[in-house]
Amino acid sequence: MANGWRKWFGGGQTRRWLGPALIFLIATFLLYCTQSSQWISQRMMKTQWFTAESSNDVPSFRHRWNNIVIEKPVLNTTKPFSPVLQTTKPFSAAVYKRQLKFSLASESGRQYSVGDMLRIEISAKDSQNNIVTNIGDFFRASILTAVKGKAGSGAVGIITDHQNGTYTATFRLLWEGEVTIKIQLVHPRQAIDVIERTIRKYPIDLVMFRKRYIVGKNTVIDTECNVDPAIFKNTSAVCNYSDPHAGAWWYCEKAANIPCNTSGYHGTLRYRDVKGGKLFSRGNTALKMSISGSPSKINVKKGQDPLANRRRCVWGLATPQISGFYRNGVWNSLVCKNRHFSSQAGWQQCLKGKTLHFMGDSTIRQWWEHFVRILKMKETHIPWAIHKTGPLLARDPVNNITLNYRAHGPPRRCPFILTFLLKYVANIIDEIEGGPNDVVGITMWAHFTSYPVEVYRKRMEAVRAAIERLLHRSPETLVVIKSANTAKGNELKCGDWLAHKLDLIMREMFRGMNVVLVDVWEMTNAQHWHGDAIHPAQDIIVQELEFLCSFICPL
């Protein structure tokens with residue numbers, strides 16, 4: 001048989017060309033199979049990579065914001081040009097925003113009355129009218145009635161992400177008249193990915209702090225400080241100022257020839273210069289772009305009174321997803337019957353004999369400042385204290401009202417303050433005896449946004465434990481938790497997305513406890529006559545305090 005093959009390949013003149021030709025064909029076939037296999041493998045790898053990016057790289061909080069449980073998306077590989085794969089193309093926030101529209105989820109032309117629910121569908125479509133699948137966008141939804149030159153009416157909507165490129169905004173209609181629908185794209189999913197990647201890349205040193213020592217008349221020594229000693233790469237000795245009881249970890253470089261227990265000054269050292277790219281406007285601020293839709297306005301007729309049969313304000317009440325609304329600039333709580341004061345005497349009567357302990361960041365310092373202004377109280381100077389961090393003390397001896405404020409311990413972005421004046425909140429709470437005339441108000445969020453959530457969670461777990469101890473020794477003490485509020489700033493370090501992520505942790509942590517939640521997140525989202533600000537305007541703060549007082553002296 002071997003001889004037969006030799007004759008076939010090497011025989012006569014007419015068959016001599018067939019041997020090389022057959023070999024060439026076989027080699028070509030084998031090469032084709034190999035390349036096809038590699039191509040298929042590459043396509044599968046690309047599909048697997050995209051699936052991982054879509055599920056595992058998406059922070060879970062993004063979906064909690066939209067009140068939906070995230071499931072791993074199913075990628076239909078039999079349709080290589082399915083809408084899911086469209087998100088692999090270069091993303092333009094401006095193009096996506098133009099593609100986004102909203103419309104009524106129910107039949108058009110319906111008559112609405114106060115008490116009805118309004119549902120708005122949100123989606124983006126390309127030029128071929130295909131839905132652009134973008135899962136995990138961050139929207140704000142509100143309804144409002146503007147009054148020229150005055151505060152108007154407003155309420156928030158609940159956003160649901162359906163995980164297929166469509167969203168629903170659900171509103172409760174709470175006042176009659178012409179109502180405008182407002183939907184804002186705060187961040188597309190791609191911008192949230194940039195924020196989350198930035199935190200993962202710089203989990204400790206987005207903001208750096210220092211401890212300063214004054215040595216002699218003209219010598220200053222600065223050492224770096226932060227929540228993890230690994231950041232001090234060039235330092236052999238480190239001072240440990242952590243307090244596990246307070247859920248706090250804090251370390252500073254050890255200065256040469258200065259003991260760790262030497263008091264100094266705490267302050268901010270520097271902010272890391274990080275860029276968000278084209279997905280963010282100048283200064284890395286949020287997009288917060290309003291999207292168009294139809295109808296943009298609806299008429300609401302008189303209906304059920306949303307304020308009828310409200311309960312008395314007592315601690316421990318659950319806070320619904322839509323917890324209140326503004327009508328002509330006045331906040332009306334749907335949690336309970338909230339108070340409004342028309343005179344200084346009304347405030348004084350409510351707070352007579354009370355001692356209020358406020359602690360946390362500058363957004364609760366605003367409570368202290370406005371109470372002092374409203375009640376015309378006299379501030380007591382505390383040696384070495386500065387106003388931004390306290391401790392602050394004011395008294396009204398006639399009505400026996402005392403106001404205290406203390407900043408929470410580091411991390412704290414602030415001017416230089418003596419370190420012994422900064423205390424961790426859990427330890428401050430443990431020092432309060434408590435009683436029926438004591439009110440404890442707490443907020444912590446603004447200085448923790450540049451850290452992984454576990455840093456915040458540990459601190460708040462310690463605060464919760466301290467509150468449990470306080471309520472155990474003095475059950476009649478009123479404990480109030482103030483939520484985060486909307487703001488305007490660098491979204492990579494301290495923006496709304498990062499703040500609300502922490503706010504969700506706080507709400508879950510205190511759920512079911514005998515405490516009061518002042519939902520400032522909703523109060524600042526629902527108003528539309530001021531811009532977003534880390535420190536809300538005076539009229540908003542006053543209404544926060546009125547809601548607080550609704551529990552101190554309930555109707």
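No hydrogens, no waters, no symmetry mates; every other heavy atom, side chains included, goes into these values.
- Annotation: the span from Leu206 atom CG to Tyr451 atom OH amounts to 8.5 Å, rounded to 0.5 Å.
- Side chain of Asp496 to backbone of Ala487: a donor-acceptor contact under 3.5 angstrom is found.
- Using a distance-only test at 3.5 Å, with no hydrogens or angles considered, no donor-acceptor pair links the side chain of Asn226 to the main chain of Asp205.
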### From CA spacing to verdict: ring pair (Phe, Tyr, Trp, His ring centres under 6.0 Å), Trp367, Phe358
CA-CA 8 Å; Trp367 284 12; Phe358 296 143; 5.6 Å; yes
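- Below 30°, between 30° and 60°, or above 60°: for Phe416 and Tyr265 the angle between ring planes is above 60°, a perpendicular geometry.
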*Might you work through the ring pair (Phe, Tyr, Trp, His ring centres under 6.0 Å) test for Phe232 and Tyr251, ending with a clear yes or no?*
CA-CA 9 Å; Phe232 315 131; Tyr251 304 86; 7.7 Å; no
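- Residues that satisfy the side chain to side chain donor-acceptor pair (under 3.5 Å) test with Thr198, not counting sequence neighbours, are absent from this structure.
- Within 6.0 Å of NZ in Lys288 there are more than 12 heavy atoms belonging to other residues, nucleotides or ligands.
- By the ring-ring contact (aromatic ring centres under 6.0 Å, His included) test, Trp445 pairs with no residue at all, sequence neighbours left out.
- Taken to the nearest 0.5 Å, the CG atom of Asn164 stands 12.0 Å off from the CG atom of Asn134.
- Lys482 is not listed as a side-chain neighbour of Leu548, based on a closest heavy-atom distance of 4.5 Å or more.
- With contacts defined as side-chain heavy-atom distances shorter than 4.5 Å, the pair Phe209/Arg413 qualifies.
- His357 is linked by a side chain to side chain donor-acceptor pair (under 3.5 Å) to Asp438, counting only residues two or more places apart in sequence or in another chain.
- Among pairs with a residue in residues 421-432, those fulfilling side-chain hydrogen bond (donor to acceptor under 3.5 Å, both in side chains) read Asp243-Asn427, His245-Asp430, Lys423-Glu431, Asp430-Arg469, at least two apart in sequence or across chains.
- The aromatic rings of Trp384 and Phe420 sit perpendicular, their planes meeting at an angle over 60°, well past the 30° parallel limit.
- Listed by chain and number, the residues in a ring-ring contact (aromatic ring centres under 6.0 Å, His included) with His528 amount to none (sequence neighbours excluded).
- At least one donor-acceptor pair closer than 3.5 Å links the side chain of Lys254 to the backbone N or O of Ile258.
- Applying the disulfide (SG to SG under 2.5 Å) definition to pairs two or more places apart or across chains, those involving residues 184-232 are Cys225-Cys252.
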